[in-house]
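Please read the structure below before turning to the comments.
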Amino acid sequence: MMKFRTITILFLMITAIGCMAQRRQLQEARLILKGDKDYDKAETMMLNLLNDSTHLEYRDNPRIYDMWLQSVEKQYSQLNEMMYKKQEVDTVQLFDLTHRLFMIGERLDSIDMRPDKKGRVSPEYRKDNASRLIGYRPNLFFGGTYHLRKGDYPRAYDFFERYIDCTRQPLFSDYDLMNNDARIGEAAYWAAYTGYLMNDPVLTLRYAKIARKDSAKLENLLQITAEAWSKLKDDSSYVASLWDGFCHFPKSAYFFPRLLDSYNSKGNHEKVLGIVDDALKADSVSQLFLLAKSTILLNLGRYDQSLECSKKLIELYPDMADAYFNAGSACLNIALQMDSRNHRKQIRKMYQKALPYMETYRKLAPGETKKWGDALYRIYFNLNMGKQFDEIDKILKKQKS
């Protein structure tokens, strides 16, 4: 019994000594904060208390966190005053202090909101801390853009994420930041873009939904979202993103061709044709859309329709090489479909019709020897154009050798 009493007394003495040391450190920190320097020393003292392995209860003491918060806030104010006086200031340090303010403030709030033994919650610090911190919050955004410009993408993402995270923190629940912050969509976009620059599709997608609030950057957002799903090899989400982008921006040079490629790769040409027709409703004279329709009709074996579409394309864009190739190919395929025993005149007429298209294609795309070479070989042979046939024959043989 005597031994147990001695141990108890020693334990109480150690606890009392610890409490006295804590009070001394808190008192010394208060004196520092009342002055005009050594604020970083006060922060170090609070960190030492929190890291004291012999007194783990310090880690749940809101007074220590509050003092830590004040010490960092004082450092921030000191740097901010120097900046106001146009003195040289470490910008990175200013942003880092801002980031630290929110990290400490949120930790303090989680401790402050813990219920007492009777289950009651009566926060002491929340209202005041939220009011103070909300004024510093824009610097989280600017810290993100600063590090983004400097090419420090992980750090930039950290700042944007901290800025966005405030929307879900109970500390700022009275402010309804998701609905009242006009910059939240832009911050989410830059976070997504930073994730894209880091080649991390998960980070790219994390805040993509919030980023849609920034309508000015929606087209680019939808592009990097599609790229992210592609990297994750999620084909259904990738195609859905392309559709989303195409519906919002049908004239975009990004979504339309990739959407076509996606369905073409599966041989779903009818679906592709429907997409093209939707695109043409948005822009009936688009070079890209008309060429796509001409090509798809050719692939579907609707050669007459492909020829008509190609002719319209040539009328609008007379220097477009592929339009002539499609027109010539349509004529050749129409000829091939005819019965050579009963439609010799019509077949010859189609070869004659294909001739100027393919010769024009050759002039506009001289490097595409294989495409115009094979076509002109067949045309010259069927039209008995010996001189031209011999020339093409030599070109093709040389190419094979």
Side-chain angles (χ1 to χ4, degrees), residues 11-83 89-117 121-140 142-144 147 155 158-159 161-163 165-166 168-173:
F11 175 75
L12 293 172
M13 287 177 64
I14 292 169
T15 302
I17 291 169
C19 291
M20 289 172 62
Q22 177 189 337
R23 284 197 293 271
R24 277 200 308 271
Q25 295 231 45
L26 287 171
Q27 184 62 36
E28 187 177 348
R30 286 193 191 95
L31 291 173
I32 291 173
L33 295 177
K34 287 180 180 179
D36 58 0
K37 59 180 181 179
D38 296 333
Y39 302 134
D40 56 334
K41 182 180 177 182
E43 180 182 14
T44 301
M45 292 168 67
M46 295 305 100
L47 285 170
N48 288 339
L49 285 174
L50 291 171
N51 293 324
D52 188 345
S53 59
T54 60
H55 294 89
L56 298 179
E57 69 275 9
Y58 290 174
R59 297 177 187 178
D60 291 330
N61 189 330
R63 287 183 299 170
I64 297 175
Y65 282 93
D66 182 50
M67 199 69 71
W68 184 16
L69 184 65
Q70 290 182 51
S71 67
V72 174
E73 189 175 19
K74 287 281 188 178
Q75 292 176 67
Y76 178 94
S77 298
Q78 194 175 48
L79 280 182
N80 200 44
E81 185 178 350
M82 291 170 63
M83 185 177 288
V89 172
D90 184 347
T91 307
V92 173
Q93 186 182 2
L94 189 72
F95 289 135
D96 284 348
L97 286 168
T98 307
H99 194 278
R100 206 144 74 239
L101 279 172
F102 281 81
M103 180 269 292
I104 301 165
E106 289 163 10
R107 285 189 189 177
L108 170 57
D109 189 64
S110 66
I111 294 171
D112 194 29
M113 287 298 293
R114 288 179 183 175
D116 62 18
K117 293 179 180 179
V121 176
S122 52
E124 180 183 351
Y125 301 94
R126 171 173 288 185
K127 188 174 182 180
D128 181 55
N129 284 346
S131 176
R132 287 155 57 198
L133 288 173
I134 207 73
Y136 298 114
R137 187 165 170 265
N139 262 2
L140 289 175
F142 296 126
H147 287 294
R155 193 69 178 132
D158 195 25
F159 272 85
E161 186 163 51
R162 177 70 70 176
Y163 182 90
D165 188 61
C166 291
R168 69 171 191 84
Q169 287 294 332
L171 176 61
F172 303 107
S173 57

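We count residues from 1, following the sequence as given. None of these values were measured; they are calculated from a predicted model.
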If every non-hydrogen atom of [X] is compared with every non-hydrogen atom of [Y], which pair is closest and at what distance?
X    : Y    : value
S131 : I134 : O-CG2, 3.4 Å
L140 : H99  : CD2-CA, 3.8 Å
R132 : N129 : NH1-OD1, 2.7 Å

Taken in chain and number order and not counting sequence neighbours, the residues that satisfy ring-ring contact (aromatic ring centres under 6.0 Å, His included) with Y125 are none

| request: State whether a side-chain donor-acceptor pair under 3.5 Å links Y65 with D112. | output: no

*Is it the case that Y136 and E73 place a side-chain donor and acceptor less than 3.5 Å from each other?*
yes

Please round to the nearest 0.5 Å and tell me the distance separating atom [atom1] of [X] and atom [atom2] of [Y].
X    : Y    : atom1 : atom2 : value
D165 : M103 : CG    : CE    : 13.0 Å
I111 : R107 : CD1   : CZ    : 8.5 Å
M67  : I104 : CE    : CD1   : 13.0 Å
N51  : M46  : CG    : CE    : 12.0 Å

Do [X] and [Y] have side-chain heavy atoms sitting under 4.5 Å apart?
X    : Y    : result
L108 : R126 : no
L50  : I64  : yes
Y76  : N139 : yes
M83  : L94  : yes
E106 : C166 : yes
P170 : D109 : yes

Quick check: does any side chain N or O of [X] sit under 3.5 Å from a backbone N or O of [Y], one acting as donor and the other as acceptor?
X   : Y   : result
D66 : P62 : no
S71 : W68 : yes
T44 : D40 : yes

Pair [X] + [Y]: basic N to acidic O under 4.0 Å:
X    : Y    : result
R162 : D158 : no
R100 : E43  : yes
D96  : R155 : yes

message: D90 vs L79, test: side-chain contact (heavy atoms from CB on, under 4.5 Å). Steps then yes/no.
response: CA-CA 8 Å; D90 184 347; L79 280 182; 5.8 Å; no

Practice task
Using the ring of F102 (Phe, Tyr or Trp, six-membered ring only), decide whether R137 places NZ or CZ under 6.0 Å from its centre and within 45 degrees of its axis.
Solution key: no

